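Counting starts at 1 for both ligands and their atoms, in listed order. Worth saying up front: this structure is predicted, and the values here are computed from it rather than measured.
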Amino acid sequence: MKTVLITGASRGIGKEIALAFGRLQYNVVVNYNNSPNEAVLVTQAIKDYGGNAVAIKADVSDFNEVLKLIDEAKSVFGDIDVLVNNAGVAYQGLVQDMSPNQYRKVMSTNFDSVFYCCKKVLPLMLYKHSGRIINIASVWGEAGASYEVVYSASKAAVIGFTKALAQEVGPSGITVNCVSPGIIDTQMNSIIDSDILDELAEELPLGRLGLAHEVADAVLFLASDKASYITGQTISVNGGQFCR
Ligand code: NAP
């Protein structure tokens, strides 16, 4: 049985990714930071399908906590076959109004965590000459967004890291890809006024916001045998945003 570790899997997109792997009978490591009750509900749902899951608390922006997370995951399931770096935070505001602490929080949660988790999981994958790493980027990391400059930069860093790591570990049988969501209906966007969200949805070619399970489907594809020759790529799940 394969094991997947998903960072930030208590809510939103990460939760849907965890449930989707659970339905495929993976062992699922549900990482969370501030939402323990939600994380336990995710593991319970997976167990209800007859799968195995464990919830592990770790702030993935902190290297020491990532070390403990991976060690605990290994002690429960023995190995990690798929790593999904999903945990993320948004920040909206002008660059000149953002404090260095706010900057650090966005960069450390969205990007440093990807480096920390890959650094710690890669030796397991290199040892067995196989593995899948899937990083959750963002349409803003591809295009850039005013008012979300540092968030955009953190996600552009994730995309650059993904392309380069794919080159480094491809010869070792490991693939590294991004899934890049557009505007997805999760709590992350609850800070945006609902009228503005409706307007944004109307402007999209598909005329609606994305759903978390639609992002999960792309992650599942990249983890599957059907994606065995895909690496260093970014699959956009964005309803056609910026395609015209
Ligand atoms: P969300 O609903 O706000 O959920 C964020 C998840 O990240 C939660 O499970 C949260 O866990 C976890 N998290 C945050 N900081 C963490 C930390 N330091 N350590 C561990 N976990 C942490 O957001 P979402 O919309 O599902 O976003 C998931 C990913 O998709 C993010 O990387 C985001 O940037 C990306 N994305 C989202 C959208 C969108 O429109 N929603 C678009 C593009 C990209 P706790 O609650 O347990 O702390």
Between I13 and ligand 1, does any nitrogen or oxygen pair lie at a separation below 3.5 Å? yes
For a 4.5 angstrom cut-off between non-hydrogen side-chain atoms, does T7 reach V84? no
Quick one: does A137 get a heavy atom under 4.0 Å from ligand 1? yes
Determine whether the side chain, the backbone, both or neither of N110 has a heavy atom under 4.0 Å from any heavy atom of ligand 1. neither
Please list, in number order, the atoms of ligand 1 under 4.0 Å from a heavy atom of Y151. 33 (C), 34 (O), 35 (C), 36 (N), 43 (C), 44 (C)
Please state which part of N31 comes within less than 4.0 Å of ligand 1, counting heavy atoms only: side chain, backbone, both or neither. side chain
Under 4.0 Å to a heavy atom of D59 - the qualifying atoms of ligand 1, by number: 17 (C), 18 (N), 19 (N)
So the atoms of ligand 1 within less than 4.0 Å of a heavy atom of A87 turn out to be 7 (O), 13 (N), 21 (N), 22 (C), 32 (O)
Salt bridge present between R104 and D112 (N-O < 4.0 angstrom): yes
Side-chain heavy atoms under 4.5 angstrom apart, residues restricted to Ile, Leu, Val, Met, Phe, Trp, Tyr: same cluster for I133 and V179? no
Has ligand 1 got any nitrogen or oxygen that is less than 3.5 angstrom from a nitrogen or oxygen of V139? no
Does ligand 1 come near enough to S35 that some N or O of the ligand is less than 3.5 Å from an N or O of the residue? yes
Qualifying residues under salt bridge (charged side-chain N to carboxylate O under 4.0 Å, His left out), relative to E214, sequence neighbours excluded: R208
Out of curiosity, is A58 lining ligand 1, as in a heavy atom under 4.0 Å away? yes
Which atoms from ligand 1 have a heavy atom of K155 less than 4.0 Å away? 31 (C), 32 (O), 33 (C), 34 (O)
Looking at G88, which atoms of ligand 1 are within less than 4.0 Å of one of its heavy atoms? 5 (C), 7 (O), 14 (C), 31 (C), 32 (O)
Under 4.0 Å, heavy atoms only, figure out whether ligand 1 is touched by the backbone of E38, its side chain, both or neither. neither
Can you name the side-chain contact (heavy atoms from CB on, under 4.5 Å) partners of N52, sequence neighbours left out? M1, N27, F77
As an exercise, identify every atom of ligand 1 less than 4.0 angstrom from a heavy atom of I136. 29 (C), 30 (O), 35 (C)
Check each atom of ligand 1 against the heavy atoms of I183 and keep those under 4.0 Å away; list them by number with element. 40 (O)
Could you check whether any side-chain N or O of S10 sits under 3.5 Å from a backbone N or O of E38, counting only pairs where one atom can act as donor and the other as acceptor? no
Is it the side chain (CB and beyond), the backbone, both or neither of A90 that lies under 4.0 Å from ligand 1, heavy atoms counted? neither
For S180, is the nearest heavy atom under 4.0 Å from an atom of ligand 1? no
Please could you name the atoms of ligand 1 that G12 approaches to less than 4.0 Å, counting only its heavy atoms? 2 (O), 26 (O)
Can an N or O of I184 be found at a distance shorter than 3.5 Å from an N or O of ligand 1? yes
For residues E142 and T234, is any side-chain donor paired with an opposing acceptor at under 3.5 Å? no
Looking only at distances, please establish whether an N/O atom of ligand 1 is found under 3.5 Å from an N/O atom of G8. yes
Are Y151 and Y91 close enough that their ring centers fall under 6.0 Å? no
Are any side-chain N or O atoms of T231 and backbone N or O atoms of V176, one a donor and one an acceptor, separated by less than 3.5 Å? yes
Passing candidate, side-chain contact (heavy atoms from CB on, under 4.5 Å) with N31, options L69, I56, I70: L69
Looking only at heavy atoms of N86, does any of them come nearer than 4.0 Å to an atom of ligand 1? yes
Once the angle between the rings of F111 and F161 is folded into 0 to 90°, is it parallel (under 30°), tilted (30 to 60°) or perpendicular (over 60°)? perpendicular
Min N/O separation Y32 to ligand 1 under 3.5 Å: no
Proximity to ligand 1 by part of T109, non-hydrogen separation under 4.0 Å: side chain
Checking a contact table here: which protein heavy atom is nearest atom 10 (C) of ligand 1, and how many Å away? R11 NH2, 3.6 Å
